[in-house]
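Here is the structure we will look at, set down as structure tokens.
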There are 2 protein chains.
Amino acid sequence: MSVTAAQGFTAAGIAAGIKKSGTPDLALVVNNGPRRAAAGVFTSNRVKAAPVLWSEQVLKSGQLSAVVLNSGGANACTGPQGFQDTHATAEKAAAVLGVGAGEVAVCSTGLIGELLPMDKVLAGVGTAAAALSEHGGEKAAIAIKTTDTVHKTSVVTKDGWTVGGMAKGAGMLAPGLATMLVVLTTDADVDSATLQAALRSATRVTFDRVDSDGCMSTNDTVLLLASGAAGITPDTEDFAEAVRAVCADLARQLIGDAEGASKDIKVEVINAATEADAVEVGRVIARNNLLKCAIHGEDPNWGRVLSAIGTTKAAFDPDQLNVAINGVWVCKNGGVGEDRDLVDMRYREVHIVADLAAGSATATIWTNDLTADYVHENSAYSS
Amino acid sequence: MSVTAAQGFTAAGIAAGIKKSGTPDLALVVNNGPRRAAAGVFTSNRVKAAPVLWSEQVLKSGQLSAVVLNSGGANACTGPQGFQDTHATAEKAAAVLGVGAGEVAVCSTGLIGELLPMDKVLAGVGTAAAALSEHGGEKAAIAIKTTDTVHKTSVVTKDGWTVGGMAKGAGMLAPGLATMLVVLTTDADVDSATLQAALRSATRVTFDRVDSDGCMSTNDTVLLLASGAAGITPDTEDFAEAVRAVCADLARQLIGDAEGASKDIKVEVINAATEADAVEVGRVIARNNLLKCAIHGEDPNWGRVLSAIGTTKAAFDPDQLNVAINGVWVCKNGGVGEDRDLVDMRYREVHIVADLAAGSATATIWTNDLTADYVHENSAYSS
């Protein structure tokens with residue numbers, strides 16, 4: 001289903017030969033209208049890949065007719081030539097689709113610091129255009145995988161309209177407004193300002209709160225395209241909620257497939273003075289390597305949670321901190337709480353609650369454990 | 001040599017039975033004067049262990065007669081009882097040494113969130129006092145080890161005066177004014193204000209720039225004690241330089257023994273607009289898990305350096321960044337530079353230079369690679 005669940009969209013995923021493995025590596029998503037509204041959220045990394053710079057620029061019009069995505073190369077840190085290559089990719093797609101290059105976004109993912117094999121990319125765009133289908137969503141989702149072990153799609157259907165999407169991302173998963181490559185589509189009849197507001201508020205509490213390894217990509221892009229083909233303009237709140245639900249589902253899938261992970265960790269911060277405090281504390285817990293190793297070892301090591309909280313500027317009194325792991329309050333009032341042997345750590349999902357006892361704000365950050373497999377995946381070859 | 005290299009000091013290291021392994025776990029360092037000036041730098045973690053709270057308090061007088069140190073338990077997150085235990089330890093040392101408890105600092109290291117076995121600690125203080133010797137420095141250094149594979153000592157001797165010291169630390173090595181447990185001694189005749197200034201300026205560029213795993217301890221303490229036994233008051237600059245040299249040597253030893261590490265990585269940031277920028281960029285590179293995995297795999301993955309730099313607020317233009325790895329400028333002007341195959345990564349020490357092309361400030365941060373052994377050491381058992 002993926003990006004073709006909504007009416008008005010066609011997609012394709014093909015093997016263009018960018019990846020040496022010969023697996024699919026180029027996807028094309030086309031909005032056939034009648035509306036071609038679009039919104040985007042991009043990495044806040046100041047070192048931005050050429051396709052991010054390009055797509056930010058074309059998105060200013062609030063209109064997109066197509067998105068070209070490739071795996072097998074990030075086209076980041078590739079200088080003026082890299083930008084020209086992205087431009088040429090958009091021009092090629094525009095030519096075969098009969099639209100303007102300024103309506104074509106480009107997304108790339110893979111190794112940083114290498115130019116793309118442009119002969120293969122440009123030929124691939126032609127091949128993908130010939131393969132476009134209203135059933136092409138799955139193939140497109142498969143073609144954007146890098147170290148992902150599964151492709152990720154999600155669909156929400158309401159009263160006559162649909163929001164669907166696809167995502168890739170398994171490493172370098174950390175926030176900065178957006179994360180990873182995601183394309184969402186809808187057949188709701190919605191203008192670009194509404195799309196942008198819905199997308200921004202959804203990513204803020206979903207992709208932006210996924211923090212697998214603390215490493216922020218140069219290429220993160222989340223796009224939302226509306227075709228209007230359903231002929232229905234939903235209630236703004238209902239629409240935003242559907243976008244949020246699809247983003248939350250995809251974000252959870254990303255964490256579930258993170259490189260080398262054996263545990264998915266939900267870090268919930270409660271009773272914070274402000275939401276910003278809650279996010280800061282959740283993030284610093286989620287990034288603590290020692291804690292992530294302990295969780296991998298099924299060790300409910302709450303001391304590492306407290307030592308992480310202590311590095312933040314959030315409002316709290318060290319003697320009033322409480323920590324629960326999988327429902328057991330192992331730390332009460334900054335000291336020893338319930339018996340840590342009561343904590344059942346056998347399952348993949350681990351739930352850490354940090355109670356700051358300083359207010360009523362909350363935030364949830366998702367992360368993973370740190371494993372020897374993560375080290376292996378990220379040291380054995382360049383990626 | 002260690003803490004007894006300087007005249008006027010005795011020390012001991014014994015097995016008090018705090019560690020189940022039966023290995024040495026309690027050290028005592030005594031300043032026999034004639035002067036008993038002292039200075040200290042402590043963790044900036046807001047969750048501070050009981051011995052840190054105690055030692056900060058007694059240090060306010062600028063005087064110390066003795067330091068009791070134990071491994072086998074951090075006495076952190078142990079509430080009022082933990083503080084009473086630290087107090088009792090100082091009282092016991094004061095009684096057997098015939099000094100005031102307010103002249104006794106206490107340092108603890110080990111697992112957070114457990115009370116110390118006080119019967120063993122108090123008996124151990126008596127045993128250690130009976131074993132005090134002007135040759136006891138090595139034994140003291142051995143008794144403070146936790147996951148350290150070797151004990152760490154350093155000595156600098158100048159014109160008739162000496163600065164020496166010992167350190168422990170192999171995990172949870174990250175800065176916050178100070179790091180790990182360190183006791184330095186000198187027989188120079190120096191007052192506490194001079195000691196504090198020399199110590200603060202030394203830790204700022206040594207222990208504070210060691211960042212093995214980004215995790216800040218609740219127990220970090222660096223103490224400097226002066227006996228005046230040499231009867232010489234050195235030039236302030238000479239003295240500060242000697243303290244800095246001992247701290248730098250110990251800091252380098254800590255990195256060289258970090259948990260599971262196979263590479264020691266020197267991250268040197270040059271041409272930054274300010275020293276703060278240089279430190280921020282150095283720190284974020286040193287904490288990038290993906291880069292640390294790549295270095296472990298002997299992969300000169302400069303894209304991960306750039307994506308890390310891009311997350312900072314430091315002044316730089318992405319198109320002017322240069323990165324050298326082991327002397328090869330693999331990234332020039334934000335893009336591909338010299339052939340990465342020229343980089344020789346076979347040796348334990350790896351040197352990364354990040355040139356921000358934005359000014360003339362520099363900073364060096366030391367870190368380690370991220371390895372499966374680190375994961376194993378920190379997931380296989382609570383520490």
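All values below come from the heavy atoms of this structure, side chains included, with hydrogens, waters and symmetry mates left out.
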Checking Ala74(B) now: which residues fulfil side chain to side chain contact (heavy atoms under 4.5 Å, CB included) with it, not counting sequence neighbours?
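For Ala74(B), the residues satisfying side chain to side chain contact (heavy atoms under 4.5 Å, CB included) (neighbours in sequence not counted) are Ala76(B), Ile112(B), Asn219(B).
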Any residue meeting side chain to side chain contact (heavy atoms under 4.5 Å, CB included) with Gln57(A), in chain and number order, not counting sequence neighbours:
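Side chain to side chain contact (heavy atoms under 4.5 Å, CB included) check on Gln57(A) returns Phe83(A).
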When [options] are compared by non-hydrogen pairs under 4.5 Å with chain B, the top option:
options                                    : value
Asp369(A), Thr312(A), Thr78(A)             : Thr312(A)
Pro318(A), Gly297(A), Cys77(A), Cys331(A)  : Cys77(A)
Thr311(A), Val284(A), Leu115(A), Ile309(A) : Thr311(A)

Does a donor on one side chain sit under 3.5 Å from an acceptor on the other, for [X] and [Y]?
X         : Y         : result
Asn289(A) : Asn289(B) : yes
Asn368(B) : Asp264(B) : yes
Asp211(B) : Thr367(B) : no

For Asp148(A), does its backbone N or O pair with a side-chain atom of Lys168(A) as donor and acceptor, under 3.5 Å?
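Looks like no, no N/O pair under 3.5 Å.
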Under 4.5 Å from any heavy atom of chain B - which part of [X]:
X         : result
Asp319(A) : neither
Lys313(A) : backbone
Leu321(A) : side chain

Quick check for you: among Gly310(B), Gly335(B), Gly337(B), Ala372(B), which has the greatest number of heavy-atom pairs under 4.5 Å with chain A?
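Heavy-atom pair counts peak at Gly310(B).
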